[in-house]
Structures are given as C-alpha cells and as structure tokens.
Amino acid sequence: QFVTTNELAERLGLHRRWLMELLRGLTAAKILVYEEGSDETERFGLTTEMAEVLENERDSVAYLGGFFVGGIMSPKFSDALVAAFHTGIGISYRERSLDQPRLLLQTKRMLGPWTRTALVPIVIAAMKGGGIKK
C-alpha cells in the first residue's frame, strides 16, 4: 500500500519534513519504492521483499519485524551482554525477561513464523520417525 508523506505524517503524528527525508533515504536504500510526484503527491511503499521481512508475520520465514519489539536495551542488560561475550556462556531467556519482559515477546515474534512454517512442518517432519519421540 502506497502512502504520501502527508498521509503518513498525519497517521503517525510526525513532522512531515523529517518524515519525507527518512522516506526518501529509505527509497535510496531500496527498502521502499517510490511513485514520482511533487513534494505533496509523491508516494512511498514497501518493496515486495521488504513486505515479506516486515509485514508477513503469519507465513513468511523471512519475517524479522519481531526484532523491533522490545524497546531500548537497559544498562543492566547491556552489562550482561558484554559479560556473555567475554565468558561465552550467554544469557538465558529467563535472565532477559527479568530485565525487560518485552524481550520475550520479541523472541516469540522473531521465531514464531519460522517455527510455524519451517521447523515444525519441515525440519521435525524430516527427522527419523517424523517427529520427536516422547
């Protein structure tokens, strides 16, 4: 779906001028596609590939929109992440959730499409016996 800068600015409550610069930059990076027009009528939309990455959460293995859920990393989590790189031990999901509960949602949304479209129907089904033995 294509939108003008004015439409998007109104919908998001953002200043039109800064949004126009961002949209034009994303177009130059080939993340968005552009329909030529004046400053008032030019329209922007996602490329087919970026729509798969950012919109198709239901059935795209390429979906990464969940990565953007969760907010800014806290200093406590930053320190734990640095320590994990030094020790090689890593950070458990439980440790992540104690600091920022939204990170669990981020992980679920990042891995959910892959789990539904590839892990369960393809990978697990291809395992000997068609699944995990209990």
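Side chains are part of it too, since the values below use all heavy atoms of this structure and drop only hydrogens, waters and symmetry mates.
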Got a second to check how far Arg11's CZ is from Leu19's CG, nearest 0.5 Å? 10.5 Å
Sidechain-backbone polar pair: Thr27 side chain, Leu23 backbone, donor-acceptor under 3.5 Å: yes
State, yes or no, whether a side-chain contact exists between Glu40 and Asn6 at a heavy-atom distance under 4.5 Å. yes
Between Arg43 and Glu36, does any NZ, NE, NH1 or NH2 come within less than 4.0 Å of an OD or OE carboxylate oxygen? no
Is there a donor-acceptor pair under 3.5 Å between the side chain of Ser60 and the backbone N or O of Glu57? no
Tell me whether Glu21 is salt-bridged to Arg16, with the criterion being a basic N under 4.0 Å from an acidic carboxylate O. no
Quick one: pull up CG in Leu64 and CZ in Arg109 and give me the separation to the nearest 0.5 Å. 11.5 Å
Considering residues at least two apart in sequence or located in another chain, which fulfil the ring-ring contact (aromatic ring centres under 6.0 Å, His included) criterion with Phe44? Tyr34
Heavy atoms, side chains only, cut-off 4.5 Å: are Thr4 and Thr41 in contact? no
Is the shortest heavy-atom distance from the side chain of Leu32 to the side chain of Leu46 under 4.5 Å? yes
Joint hydrophobic cluster, Leu12 plus Leu22, side-chain heavy atoms closer than 4.5 Å: yes
Minimum-distance pair of heavy atoms, taken over all atoms of Thr117 and Ile122: O-CD1, 3.7 Å
Are Phe2 and Leu14 joined in one hydrophobic group, where the rule is that I, L, V, M, F, W and Y side chains link up if heavy atoms are under 4.5 Å apart? no
For a 4.5 angstrom cut-off between non-hydrogen side-chain atoms, does Glu42 reach Met20? yes
Which heavy atom of Thr115 sits nearest to which heavy atom of Pro121, and what is that distance? O-CD, 3.9 Å
Any side-chain heavy-atom pair from His86 and Val82 closer than 4.5 angstrom? yes
Within a reach of under 6.0 Å around CD of Glu10, are more than 12 heavy atoms found that belong to other residues, nucleotides or ligands? no
May I ask you to say whether Asp39 pairs ionically with Arg17, meaning some side-chain N is under 4.0 Å from a carboxylate O? no
Following the transitive rule for hydrophobic clusters with a side-chain heavy-atom cut-off under 4.5 Å over Ile, Leu, Val, Met, Phe, Trp and Tyr, establish whether Ile31 and Val3 coincide in one cluster. yes
Look at the side-chain heavy atoms of Ile, Leu, Val, Met, Phe, Trp and Tyr, link any pair under 4.5 Å apart, and say whether Leu54 and Val33 land in one connected group. no
Closest contact, heavy atoms only, Tyr63 versus Pro113: CD2-CG, 3.6 Å
Does the side chain of Glu55 come within less than 4.5 Å of Met50's, by heavy atoms? no
